[in-house]
A.B. asks: 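Take this structure, written in structure tokens, and hold onto it; I'll ask about it next.
One-based numbering along the sequence shown.
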Amino acid sequence: KQVEAMKRVLESLNLNIVEMVDENATLDGGDVLFTGREFFVGLSKRTNQRGAEILADTFKDYAVSTVPVHDSLHLKSFCSMAGPNLIAIGSSEAAQKALKTMQQMSDHRYDKLTVPDDAAANCIYLNIPSKGHVLLHRAPEEYPESAKVFEKLKDHMLIPIANTELEKVNGSLTCCSVLINKASEL
């Protein structure tokens, strides 16, 4: 089971684990966007208001705002963080509506990077001490017009990733990763 496997890995890293014991609560990682300042939680088929409330109770130092998700599987199906303060967002009406909701709920003004393809807005930003800004994004052969937008990010090391096969089963780049901010013990 996916949850049990992740729990074992997180325990092996000595990380704090909070378990949702409310059987009515649902919270999928694909609906949780952490900006570094606050959380946006997509309310979708896999995440409900109770799940968002438990996240808010767990991370009391951060604002948690909910965003309705209607035409996509998850919030991160059409948006993600592409850098510090930079939200990558798809061009569809649903994506733009969600962005407007996020902007209205936040006291902070984020920069936005709008890409033509919603699926391409799902990217992975890393700040690696020896490399700086690193962005894993969908490959040009999959989403050529969106790749051109990412190529404008001159201060990022860009790493194109082909994801066609996983996309067939709704797997996006962020679905296939767990980012852990933990100091290296080398």
Side-chain angles (χ1 to χ4, degrees), residues 27-48 51-52 55 63-128 131-179:
L27 183 67
D28 191 294
D31 284 314
V32 179
L33 180 65
F34 181 58
T35 69
R37 296 176 170 271
E38 62 193 312
F39 288 94
F40 293 106
V41 178
L43 298 180
S44 69
K45 290 178 181 148
R46 296 190 180 178
T47 297
N48 64 18
L55 182 80
V64 176
S65 301
T66 57
V67 182
V69 175
H70 299 293
D71 300 330
S72 298
L73 183 63
H74 297 300
L75 177 64
K76 290 196 283 193
S77 296
F78 53 73
C79 74
S80 60
M81 296 307 294
N85 203 51
L86 180 63
I87 295 177
I89 188 78
S91 295
S92 73
E93 186 178 338
Q96 291 298 310
K97 187 175 179 181
L99 177 65
K100 187 173 183 179
T101 300
M102 291 161 60
Q103 289 171 328
Q104 289 170 343
M105 293 183 156
S106 180
D107 293 334
H108 184 69
R109 290 290 147 248
Y110 295 97
D111 296 325
K112 68 177 179 175
L113 181 73
T114 304
V115 295
D117 308 286
D118 280 9
N122 182 281
C123 55
I124 299 173
Y125 169 74
L126 306 164
N127 185 1
I128 301 175
K131 306 282 185 203
H133 302 295
V134 176
L135 189 69
L136 286 67
H137 66 91
R138 296 298 294 272
E141 58 269 22
E142 296 175 330
Y143 295 105
E145 296 306 311
S146 291
K148 287 177 187 172
V149 175
F150 287 117
E151 287 165 8
K152 294 176 184 174
L153 296 173
K154 299 299 183 195
D155 60 338
H156 285 56
M157 174 190 288
L158 300 174
I159 302 175
I161 305 287
N163 196 52
T164 306
E165 290 304 307
L166 284 170
E167 189 173 51
K168 291 176 183 176
V169 291
N170 294 320
S172 59
L173 295 182
T174 58
C175 294
C176 302
S177 62
V178 176
L179 304 179

A.B. asks: Answer yes or no: is there a donor N or O on one side and an acceptor on the other, between the side chain of T47 and the main chain of D28, under 3.5 Å?
C.D. replies: yes
A.B. asks: Ignoring hydrogens, what is the shortest heavy-atom contact between P160 and A139? Give both atom names and the distance.
C.D. replies: CB-CA, 3.9 Å
A.B. asks: Identify the heavy atoms of E151 and P140 that sit nearest to each other, and give their distance.
C.D. replies: OE2-CG, 4.5 Å
A.B. asks: If you take all heavy atoms of L33 and C79, which pair is closest and at what distance?
C.D. replies: CD2-SG, 4.0 Å
A.B. asks: Could you check whether any side-chain N or O of S80 sits under 3.5 Å from a backbone N or O of A121, counting only pairs where one atom can act as donor and the other as acceptor?
C.D. replies: yes
A.B. asks: Report yes if the side chains of V134 and H156 come closer than 4.5 Å at any heavy-atom pair, otherwise no.
C.D. replies: no
A.B. asks: Might you point out which heavy atoms bring R109 and S106 nearest each other, and give the distance in Å?
C.D. replies: NH2-O, 3.6 Å
A.B. asks: Residues two or more places apart in sequence or in another chain: which of them pass salt bridge (Lys or Arg N to Asp or Glu O under 4.0 Å) with K148?
C.D. replies: E145
A.B. asks: Pair L99, F78 - check side-chain contact (heavy atoms from CB on, under 4.5 Å), show working.
C.D. replies: CA-CA 10 Å; L99 177 65; F78 53 73; over 6 Å; no
A.B. asks: When rounded to the nearest 0.5 angstrom, what is the spacing between CD1 in I89 and NZ in K112?
C.D. replies: 8.5 Å
A.B. asks: Just how far is it from atom OG1 of T35 to atom CG of L86, taken to the nearest 0.5 Å?
C.D. replies: 11.5 Å
A.B. asks: Sequence neighbours left out, what pairs pass salt bridge (Lys or Arg N to Asp or Glu O under 4.0 Å) with at least one residue falling in residues 133-144?
C.D. replies: R138-E142, R138-E167
A.B. asks: Mind jotting down which residue pairs meet the salt bridge (Lys or Arg N to Asp or Glu O under 4.0 Å) criterion with at least one end in residues 81-104? Sequence neighbours excluded, please.
C.D. replies: none
A.B. asks: Given side-chain contact (heavy atoms from CB on, under 4.5 Å), test L73 with R46 step by step and report yes or no.
C.D. replies: CA-CA 8 Å; L73 183 63; R46 296 190 180 178; 3.9 Å; yes
A.B. asks: Hey, could you give me the CD/CE distance between E38 and M105, rounded to the nearest 0.5 Å?
C.D. replies: 10.5 Å
A.B. asks: Evaluate the side-chain proximity of N85 to H108: yes if any heavy-atom separation is below 4.5 Å, no if none is.
C.D. replies: yes
A.B. asks: Tell me the closest heavy-atom pair linking N122 and K76, and the distance in Å.
C.D. replies: ND2-O, 2.7 Å
A.B. asks: Main chain of L75, side chain of D31: is a donor-acceptor contact present, judged purely on distance under 3.5 Å?
C.D. replies: yes
A.B. asks: Starting at OG of S177, measure out to CD1 of I161 and round the result to the nearest 0.5 Å.
C.D. replies: 10.5 Å
A.B. asks: Kindly give the heavy-atom pair with the smallest separation between G90 and D118, and that separation in Å.
C.D. replies: CA-OD1, 3.1 Å
A.B. asks: Angle class for the F39/F34 ring planes (parallel below 30°, perpendicular above 60°, tilted otherwise)?
C.D. replies: tilted
A.B. asks: Does atom CG (D107) have a neighbourhood of more than 12 heavy atoms from anything else shown, all under 6.0 Å?
C.D. replies: no
A.B. asks: Measuring from atom SG of C123 to atom CG of L136, what distance do you get when rounded to the nearest 0.5 angstrom?
C.D. replies: 9.0 Å
A.B. asks: Considering the options Y143, F150, Y125, which one meets the ring pair (Phe, Tyr, Trp, His ring centres under 6.0 Å) requirement together with H137?
C.D. replies: F150
A.B. asks: Any donor-acceptor pair under 3.5 Å linking the side chain of S146 with the backbone of A120?
C.D. replies: no
